[in-house]
Trainee: 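The following block contains the structure, expressed as structure tokens.
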Amino acid sequence: MDEFSFIDSIKQHSYRQSSLIKGIGDDAAVIRPAMDVVTAVDTLVEDVHFSKTTMDAFHVGYRALAANISDLAAMGATPAFYLVSIVIPKDWGQDDLGQIFFGMKSLAKQYKMDLIGGDTVSGKELSLSITVIGYTLKDKARYRSSARPGDAVFVTGTLGDSQAGLHILTGSDRYLERDYFVNRHRMPTPRVEFASLLNDLSRVALNDISDGIASEANEIAESSYVTMILDEKLIPTSSSFKQFPIELQQKWKLYGGEDFELLGTVPIKDWDKVKRAAKLANTSITKIGHVEKEGRAGSVLLIDNHKTVRLEKKGYTHLK
């Protein structure tokens, strides 16, 4: 299959978003938005972000798009469009490529997203670069710099599940709830609906947990020039998480990442509204700390076994 036949095989022949004027077929797509536009891009590389040993082709596409949608959720945006640039090596066949795009399309359908463009080239290793475009109501985009002293700190879902799933996929031991943990690694759920239900709040700081809560909390603290206090025993984990070695539990829930949950801060007066939003979105939510004084440099402190220690900005980092 040549490049043009491949493009024809993956393009949409009808579109869901009314703001789209022109989709695939010209040099660029044309959009006529009525709201604030939010856009993000992420690149995933074979044997760096995923592997054939732990991911089917379908899951590669699904998870790649989920990671990008999670970025939009962290901005309070509703996803609308995506573009895909793919580097294709010789050892990935036509069926594999079809499954990658099927994985993306199956998730995109849930959010009524349209595929509106991209690029295809050949190379030595599979690489996916996805650009997502979403919308927010005017002046309702959420920023890491919005935390203030007195805020409650919260997190959605449970943490450490994705790394537990990867651990199971790369080992030979048997574990309880294997499918749950594996699916949390392969097919994460971006918290779009929950974030959109916070639109009525005047101020919320959000960050998606892609690199671990230690990293994401520090990003909010640094951007907002505040000190964030987290209670280790309040950080939520799943019911079967305790079956793993204690040192791995600690590592995964603080530094593991790839759970694509949301970490946020909100004025304490609005905490009940956040809980109602989580209930409506069928998403669990946990208050795990609070925000203290502003300062010249942000920091995160962790209360662990009645000791308070600085939570370093560790986790997955690129170019390291």
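Counting begins at 1 with the first residue of the sequence. Note: hydrogens, waters and symmetry copies are ignored here, and every other heavy atom, side chains too, is used.
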Trainee: Give the ring-plane orientation class for F244 versus H167, where under 30° counts as parallel, over 60° as perpendicular and anything between as tilted.
Mentor: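 Plane angle over 60°, so perpendicular.
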Trainee: State yes or no: do L107 and V38 share one hydrophobic cluster built from I, L, V, M, F, W and Y residues joined by side-chain heavy-atom distances below 4.5 Å, directly or via other members?
Mentor: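 L107 clusters together with V38.
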Trainee: Return the minimal non-hydrogen interatomic distance between L137 and D36, and the atom names on each side.
Mentor: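 So the two residues come closest at O-OD2, 3.8 Å.
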Trainee: Any heavy-atom pair between the side chains of I235 and V155 that's under 4.5 Å?
Mentor: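 SC-SC contact between V155 and I235 ruled out.
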Trainee: Between R184 and E261, is there a side-chain N and carboxylate O pair less than 4.0 Å apart?
Mentor: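 Result for this pair is yes, salt bridge flagged.
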Trainee: To the closest 0.5 Å, what do you measure between OG (S202) and NZ (K140)?
Mentor: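 S202 OG to K140 NZ: 6.5 Å, rounded to 0.5 Å.
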Trainee: For S122 and I88, indicate whether the former's side chain and the latter's backbone hold a donor-acceptor pair under 3.5 Å.
Mentor: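 No; judged by distance alone, with no hydrogens or angles, the pair does not exist.
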Trainee: What do the steps show when you test E216 against D211 for side chain to side chain contact (heavy atoms under 4.5 Å, CB included), and what is the final call?
Mentor: CA-CA 7 Å; E216 320 304 351; D211 300 324; 3.4 Å; yes
Trainee: Kindly indicate whether the side chain of K52, heavy atoms from C-beta on, has any atom under 4.5 Å from the side chain of D96.
Mentor: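 Contact flag for K52/D96 side chains = yes.
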Trainee: Of the non-hydrogen atoms in F181 and I168, which two are nearest, and what is the gap between them?
Mentor: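 Heavy atoms of F181 and I168 come nearest at CB-CD1, 3.8 Å.
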Trainee: Do I130 and M104 come close enough that some side-chain heavy atom pair is under 4.5 Å?
Mentor: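 The answer is yes, as the side chains (C-beta and beyond) meet within the 4.5 Å cut-off.
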Trainee: Could you go through the side chain to side chain donor-acceptor pair (under 3.5 Å) check for T43 and S129 one step at a time?
Mentor: CA-CA 4 Å; T43 300; S129 184; 3.1 Å; yes
Trainee: Show the nearest heavy-atom pair for residues S162 and G257, with the distance to one decimal.
Mentor: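 Distance-wise, the nearest heavy atoms are CB-O, 3.9 Å.
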Trainee: Side chain of N305, backbone of K307: donor and acceptor closer than 3.5 Å?
Mentor: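 No: the side chain of N305 does not pair with the backbone of K307.
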Trainee: Check step by step if side chain to side chain contact (heavy atoms under 4.5 Å, CB included) holds for V182 and Y175.
Mentor: CA-CA 11 Å; V182 168; Y175 292 99; over 6 Å; no
Trainee: Walk me through it: do D161 and Y180 pass the test side chain to side chain contact (heavy atoms under 4.5 Å, CB included)?
Mentor: CA-CA 8 Å; D161 293 340; Y180 166 80; 2.6 Å; yes
Trainee: Under 4.5 Å between side-chain heavy atoms, hopping through other hydrophobics if needed: is there a path connecting V60 to V132?
Mentor: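 Both belong to a single hydrophobic cluster.
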Trainee: Considering only heavy atoms from C-beta outward, does the side chain of I116 approach that of L83 to under 4.5 Å?
Mentor: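 The answer is yes, as the side chains (C-beta and beyond) meet within the 4.5 Å cut-off.
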Trainee: Using 0.5 Å steps for rounding, measure from the CD1 atom of I100 to the CZ atom of F58.
Mentor: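 Going from the CD1 atom of I100 to the CZ atom of F58 covers 12.0 Å.
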Trainee: With a 3.5 Å distance limit and no angle check, can you tell me whether E232 reaches the backbone of D304 through a side-chain donor-acceptor pair?
Mentor: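 It does not hold such a pair.
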Trainee: Would D272 and K275 pass as an ion pair if we require N to O under 4.0 Å?
Mentor: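 Between K275 and D272 there is a salt bridge, with a charged N closer than 4.0 Å to a carboxylate O.
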Trainee: Would I21 and Y15 satisfy side chain to side chain contact (heavy atoms under 4.5 Å, CB included), going step by step from the backbone distance to the final call?
Mentor: CA-CA 10 Å; I21 306 301; Y15 295 96; over 6 Å; no
Trainee: Measure across Y135 and P33 and return the closest heavy-atom pair with its distance rounded to 0.1 Å.
Mentor: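 So the minimum-distance heavy-atom pair works out to CE2-CB, 3.6 Å.
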Trainee: Find the distance between CZ (F241) and CD (Q163) and round it off to the nearest 0.5 Å.
Mentor: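 Reported value, rounded in 0.5 Å steps: 9.5 Å.
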Trainee: Is L72 reachable from V204 through a run of I, L, V, M, F, W or Y residues, each pair having side-chain heavy atoms under 4.5 Å apart?
Mentor: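 No, no single cluster joins them.
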Trainee: Does L126 reach the side chain of F50, with side-chain heavy atoms less than 4.5 Å apart?
Mentor: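 Yes; the side chains approach each other to less than 4.5 Å.
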Trainee: Please determine whether the number of non-hydrogen atoms from other residues, nucleotides or ligands lying under 6.0 Å from atom NZ of K251 exceeds 12.
Mentor: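 Counting other residues, nucleotides and ligands, NZ of K251 stays at 12 neighbours or fewer.
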Trainee: Between S51 (side chain) and T53 (backbone), is there a donor-acceptor pair under 3.5 Å?
Mentor: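 Side chain of S51 to backbone of T53: a pair is present.
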Trainee: What heavy-atom pair brings D151 and S146 nearest, and what distance separates the two atoms?
Mentor: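 Of all heavy-atom pairs spanning D151 and S146, the closest is OD2-O, 4.2 Å.
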Trainee: Any side-chain to backbone donor/acceptor pair from R142 onto L198? Under 3.5 Å, distance only.
Mentor: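 Yes.
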Trainee: Following the transitive rule for hydrophobic clusters with a side-chain heavy-atom cut-off under 4.5 Å over Ile, Leu, Val, Met, Phe, Trp and Tyr, establish whether V84 and L20 coincide in one cluster.
Mentor: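 The answer is yes; both residues are in one hydrophobic cluster.
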Trainee: What's the separation between atom CG in N207 and atom CZ in R144, rounded to the nearest 0.5 Å?
Mentor: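 Between atom CG of N207 and atom CZ of R144 there are 4.0 Å.
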Trainee: Do Y62 and L44 share a hydrophobic cluster (ILVMFWY, side-chain heavy atoms under 4.5 Å, transitive)?
Mentor: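 Yes.
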Trainee: Decide yes or no for I31 and Q17: does some side-chain heavy atom of the first lie under 4.5 Å from some side-chain heavy atom of the second?
Mentor: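 SC-SC contact between I31 and Q17 ruled out.
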Trainee: What I want to find out is whether K273 reaches D270 closely enough, with some N-O distance under 4.0 Å, to be called a salt bridge.
Mentor: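 Between D270 and K273 there is a salt bridge, with a charged N closer than 4.0 Å to a carboxylate O.
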Trainee: When rounded to the nearest 0.5 angstrom, what distance separates CD in E219 from CG in L263?
Mentor: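 Going from CD on E219 over to CG on L263, the span is 10.0 Å.
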Trainee: How about E125 and V45: do any of their side-chain heavy atoms sit closer than 4.5 Å?
Mentor: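 Result yes, sub-4.5 Å side-chain heavy-atom pair found.
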Trainee: Keeping the roles fixed (side chain from R148, backbone from P267), state whether a donor-acceptor pair exists under 3.5 Å.
Mentor: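 No: the side chain of R148 does not pair with the backbone of P267.
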Trainee: Are side-chain heavy atoms of L302 and L254 found at a separation under 4.5 Å?
Mentor: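 Side-chain contact under 4.5 Å: yes.
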Trainee: Looking at A40 and N68, what are the two nearest heavy atoms and their distance?
Mentor: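 Of all heavy-atom pairs spanning A40 and N68, the closest is O-OD1, 4.3 Å.
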Trainee: Side chain of D114, backbone of R16: donor and acceptor closer than 3.5 Å?
Mentor: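 Yes: the side chain of D114 pairs with the backbone of R16.
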Trainee: Between CG of D42 and CG of L65, what distance do you get to the nearest 0.5 Å?
Mentor: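 So the gap between those two atoms works out to 10.5 Å.
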